[in-house]
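Just so it is clear, the model here is predicted, and its values are computed rather than measured. So that the names make sense, note that chain A is the first sequence line, chain B the second, and so on, each numbered from 1.
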There are 2 protein chains.
Amino acid sequence: MALEPAILHALASPRRQEILRLVWRDEQTAGAIHRAMPDVTFGAVSLQLRRLLEAGLVEARAGKENDRRNRYYRANREALAEVAGMLERMWDDALWKLKLAAEMEESRRGPRPHNKKNKKGKKR
Amino acid sequence: MALEPAILHALASPRRQEILRLVWRDEQTAGAIHRAMPDVTFGAVSLQLRRLLEAGLVEARAGKENDRRNRYYRANREALAEVAGMLERMWDDALWKLKLAAEMEESRRGPRPHNKKNKKGKKR
DNA sequence: AAGATAGTTTATTTTAAACTAAATTACATG
DNA sequence: CATGTAATTTAGTTTAAAATAAACTATCTT
């Protein structure tokens with residue numbers, strides 16, 4: 001369960017949000033995306049695209065025929081729909097509640113040390 | 001607009017998700033929350049609670065009467081509902097589409113340098 | 001009032017993410 | 001086939017987030 005941290009993490013970066021917006025309606029080449037954000041290098045854009053790909057938030061294809069060196073990226077809208085749905089379901093999801101109950105069971109017992117003990121006596 | 005990066009950022013951390021789950025149904029003291037995650041110090045939990053508070057994802061109150069030293073945290077479900085709604089609205093939000101169109105206008109012109117120039121000739 | 005308990009804050013260290021420059025791969029074209 | 005273009009990858013640096021230990025504030029208990 002865990003609310004898909006990978007997707008949420010990918011969404012949390014303003015840079016990746018910007019990219020996502022650019023490929024929301026139509027697919028765009030990596031180059032066109034880079035031109036829309038001139039403050040970073042092409043390499044940085046490429047790395048962020050990879051993260052979005054890994055999170056399943058965008059998809060990519062290579063160009064056809066005499067255009068095989070371009071790569072076209074587009075948003076995977078379904079993936080975002082899933083996140084939205086998941087957040088909505090949280091409200092009355094029985095599994096969620098059960099998971100919570102188990103965790104609280106665990107936490108209702110005795111105190112634990114306030115701090116971990118110091119491994120080496122560093123002066124301060 | 002920008003998809004509320006502060007809230008999404010707060011949501012993106014597994015640790016904060018865990019805390020959010022613990023305070024989802026009933027309010028819990030900071031101590032109870034800490035006891036449920038023995039792998040980190042109390043201080044770390046307190047800092048994460050502060051971040052959740054700042055993002056508006058949880059709310060807190062002090063205990064009453066002979067319990068004023070406890071602080072009770074609870075999830076602010078409405079805040080999450082807003083995120084879910086925002087994600088859903090993205091699909092056919094006219095403003096969103098217009099914003100995109102303007103950005104692409106900008107990006108459809110001429111090439112830019114592939115790399116930024118090197119400021120100092122470091123050997124490699 | 002002394003001591004214990006609950007929580008926050010500060011200063012520091014550790015860990016991870018983002019960015020850059022350069023190298024590299026893969027096509028495309030004169 | 002040499003040159004240029006599109007994109008990715010790698011290695012290193014910079015920046016930011018998370019965790020720790022200790023100090024601190026406030027409250028409760030005896």
Whether [X] side chain and [Y] backbone form a donor-acceptor pair below 3.5 Å:
X	Y	answer
Gln28(B)	Tyr73(B)	no
His34(B)	Val40(B)	yes
Asn76(A)	Gly56(A)	yes

For [X], give me all partners under side-chain hydrogen bond (donor to acceptor under 3.5 Å, both in side chains), at least two apart in sequence or on another chain.
X	answer
Arg51(A)	none
Arg50(A)	none
Arg61(A)	Glu27(A)

Whole-Å distance between [N] [atom2] and [X] [atom1]?
X	N	atom1	atom2	value
His34(A)	dT8(D)	NE2	P	12 Å
Asp39(B)	dA18(D)	CG	P	14 Å
Leu49(B)	dA6(C)	CG	P	16 Å
Leu52(A)	dA17(C)	CG	P	14 Å
Arg71(A)	dT25(C)	CZ	P	17 Å
Leu47(A)	dA17(C)	CG	P	13 Å

Any side-chain N or O of [X] below 4.0 angstrom from OP1/OP2 of [N]?
X	N	answer
Arg68(A)	dA7(D)	no
Arg15(B)	dA19(D)	yes
Gln48(A)	dC19(C)	yes
Asn70(A)	dT5(D)	no
Arg16(B)	dA18(D)	yes
Asn66(B)	dT27(D)	no
Arg50(A)	dT8(D)	no
Thr29(A)	dA7(D)	yes
Thr41(A)	dC19(C)	no

* Base, sugar-phosphate, or nothing for Tyr72(A), non-hydrogen atoms under 4.0 angstrom? -> nothing
* Which part of the nucleic acid, if any, lies within contact of Ala44(B), taking any heavy atom under 4.0 Å across all strands shown: a base, the sugar-phosphate backbone alone, or nothing? -> base
* To do: Would you please name every residue forming a salt bridge (Lys or Arg N to Asp or Glu O under 4.0 Å) with Arg15(B), sequence neighbours left out?
  => Glu18(B), Asp39(B)
* With Glu54(A), which residues qualify under salt bridge (Lys or Arg N to Asp or Glu O under 4.0 Å), at least two apart? -> none
* Among dG7(C), dA19(D), dT9(D), which nucleotide sits nearest the side chain of Val40(B)? -> dA19(D)
* To do: Choose from dT8(C), dA19(D), dT8(D) the nucleotide whose nearest atom is closest to any side-chain atom of Phe42(B).
  => dT8(C)
* To do: Can you sort out which residues in residues 54-65 of chain A have a heavy atom within less than 4.0 Å of DNA chain D? Ascending by number, please.
  => none
* Of Asp67(A) and Arg51(A), whose closest DNA chain C nucleotide lies nearer the 5' terminus? -> Arg51(A)
* Arg69(A) or Val45(A): which one's nearest nucleotide on DNA chain D is closer to the 5' end? -> Arg69(A)
